[in-house]
Q: 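Structure below; questions to follow.
Computed from a prediction, not measured in an experiment: that's the story for all the values here.
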Amino acid sequence: MTLSLRTALLLGLAAAALACAQDTGLSRPRHVFLLIGDGMGELQAEAAERALGDQPGWQPSFRGFPVRGWQRTRSADREVTDSAAAITAILCGERTDNGRIAVSPAGEPLTSLAHLAHRQGWKIGVLSNIGIDHATPAGMYAVAAKRSDYRSIAAQLAASPFAFFGGSAMLGLQAPDGQGPDNEAMAASNGFVVATSRAALEN
């Protein structure tokens, strides 16, 4: 019997969640965090460990996690992936061409684990230190044949059923010609509280 990549990925996540639940005595985990070091693989982690490992008190905690998994994120059309194809592999369990977000090489839309979890009643939040409609965070909530289609990606964020988004300003906030609805205003009309200052965040 051959498992699809998506099925194997889901089984792996389920096994990790079960292991964590058993360790804490919970029937299921209360929170699941997916942390992505964009452009980081095993070699980059090892390089950091070797460069900083002799400094007192420095230890890369994720290298000692009790449950670890491996996933190859090579894109369908290149040996070296880009962020769009990598996040598609991670969240949708399928390889795609560089530049595509949750879209197969044949142009078919794919479903992310974030959407599957939301359908199961989980609240989903997306936090990034780059533009929230950049390829890596967009892979959580958007479907785009081109990662540069920021306008469409930002519109999908504004209409998203997810609970929280945080990051740098949206690149697709407005249409290039300044016409059409403002995606930030659309997000507010969808029930999001938009905070763009320190004071607003503190409130």
Side-chain angles (χ1 to χ4, degrees), residues 5-6 8-24 26 29-102 110 112-117 122-142 144 147-148 150 153 157 162-171 198 201:
L5 181 57
R6 173 181 285 187
L9 179 61
L10 288 171
L11 288 174
L13 287 174
L18 180 59
C20 293
Q22 289 173 340
D23 286 345
T24 60
L26 298 174
R30 293 180 59 196
H31 307 286
V32 175
F33 294 90
L34 172 63
L35 306 176
I36 299 175
D38 205 2
M40 185 183 71
E42 177 64 22
L43 291 179
Q44 288 78 9
E46 184 175 339
E49 192 172 55
R50 290 187 179 201
L52 303 173
D54 59 351
Q55 296 185 16
W58 190 89
Q59 174 64 35
S61 59
F62 67 90
R63 302 271 283 175
F65 283 177
V67 179
R68 299 176 67 185
W70 291 93
Q71 185 178 24
R72 295 184 62 197
T73 57
R74 181 177 61 80
S75 60
D77 64 339
R78 299 281 194 280
E79 286 294 328
V80 178
T81 191
D82 76 341
S83 297
I87 195 65
T88 300
I90 292 169
L91 288 176
C92 301
E94 295 188 30
R95 298 193 197 286
T96 192
D97 297 341
N98 281 356
R100 294 178 180 263
I101 299 172
L110 305 171
S112 80
L113 286 174
H115 282 286
L116 294 175
W122 291 82
K123 290 184 178 179
I124 307 296
V126 183
L127 182 64
S128 176
N129 65 348
I130 58 174
I132 197 65
D133 50 2
H134 257 275
T136 300
M140 294 286 289
Y141 61 87
R147 61 177 291 175
S148 59
Y150 297 115
I153 293 168
L157 182 154
F162 292 174
F164 173 84
F165 291 94
S168 299
M170 291 187 285
L171 296 172
R198 183 184 182 97
L201 287 170

Q: Locate the shortest heavy-atom distance separating Trp122 from Pro29; write the atom from each residue and the value.
A: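 The pair with the smallest heavy-atom distance is CH2-O, 3.0 Å.
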Q: Which pair of non-hydrogen atoms, one from Glu42 and one from Trp70, has the smallest distance, and what is that distance?
A: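 Distance-wise, the nearest heavy atoms are OE1-CH2, 3.2 Å.
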Q: In Å, rounded to the nearest 0.5 Å, how long is the span from CG of Leu91 to CD1 of Ile36?
A: 6.0 Å
Q: Please check if the side chain of Asn98 supplies one atom and the backbone of Asp82 the other of a donor-acceptor pair under 3.5 Å.
A: yes
Q: Would you say Thr81's side chain and Thr73's backbone share a donor-acceptor pair under 3.5 angstrom?
A: yes
Q: Can you run down the salt bridge (Lys or Arg N to Asp or Glu O under 4.0 Å) pairs that involve residues 44-53, sequence neighbours left out, and say none if there aren't any?
A: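 For residues 44-53, and leaving out neighbouring residues, the salt bridge (Lys or Arg N to Asp or Glu O under 4.0 Å) pairs sorted by first residue read Glu46-Arg50, Glu49-Arg63.
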Q: What are the two closest non-hydrogen atoms of Ser112 and Met140, and how far apart are they?
A: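 Nearest heavy atoms, Ser112 then Met140: OG-O, 3.1 Å.
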Q: Please determine whether side chain to side chain contact (heavy atoms under 4.5 Å, CB included) holds for the pair Val126 and Leu157, giving the CA-CA distance in whole Å, both sets of side-chain angles, and the decisive distance to 0.1 Å.
A: CA-CA 10 Å; Val126 183; Leu157 182 154; over 6 Å; no
Q: Look up atom CG in Leu116 and atom SG in Cys92, then write down how far apart they are to the nearest 0.5 Å.
A: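 With rounding to 0.5 Å, CG (Leu116) is 8.5 Å from SG (Cys92).
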Q: Quick check: does any side chain N or O of Arg95 sit under 3.5 Å from a backbone N or O of Arg74, one acting as donor and the other as acceptor?
A: yes
Q: Any side-chain heavy atom of Leu127 within less than 4.5 Å of one from Phe164?
A: yes
Q: Do you know which two heavy atoms are closest between Ala102 and Ala142, and how far apart they sit?
A: CB-O, 3.5 Å
Q: Would you say that Phe62 contacts Leu35 through its side chain, given a criterion of any heavy-atom pair below 4.5 Å between the two side chains?
A: no
Q: Of all the heavy-atom pairs spanning Met40 and Ala45, show the shortest one and how long it is.
A: CG-N, 4.3 Å
Q: Take the angle between the ring planes of His31 and Phe33 and call it parallel below 30°, perpendicular above 60°, tilted in between.
A: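 Aromatic pair His31/Phe33 classed tilted.
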Q: Which residue pairs pass the side chain to side chain donor-acceptor pair (under 3.5 Å) test when at least one of the two sits in residues 129-141, sequence neighbours left out?
A: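 Residue pairs passing side chain to side chain donor-acceptor pair (under 3.5 Å), neighbours aside: Asp38-Thr136.
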Q: Quick one: are Arg100 and Thr88 in side-chain contact, heavy atoms under 4.5 Å?
A: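 Side chain of Arg100 against side chain of Thr88, heavy atoms only: no contact under 4.5 Å found.
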Q: As an exercise, state the distance from OH of Tyr150 to CD1 of Ile132, rounded to the nearest 0.5 Å.
A: 13.0 Å
Q: Are Ile90 and Leu34 packed together at the side-chain level, in the sense that at least one heavy-atom pair is separated by less than 4.5 angstrom?
A: yes
Q: Within this structure, what is the CD-OG1 distance for the pair Glu94 and Thr96, rounded to the nearest 0.5 Å?
A: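 OG1 of Thr96 is found 8.5 Å from CD of Glu94.
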Q: Which atoms form the tightest heavy-atom contact between Ala84 and Gly99, and what is the distance?
A: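 Heavy atoms only, the tightest pair is CB-C, 3.8 Å.
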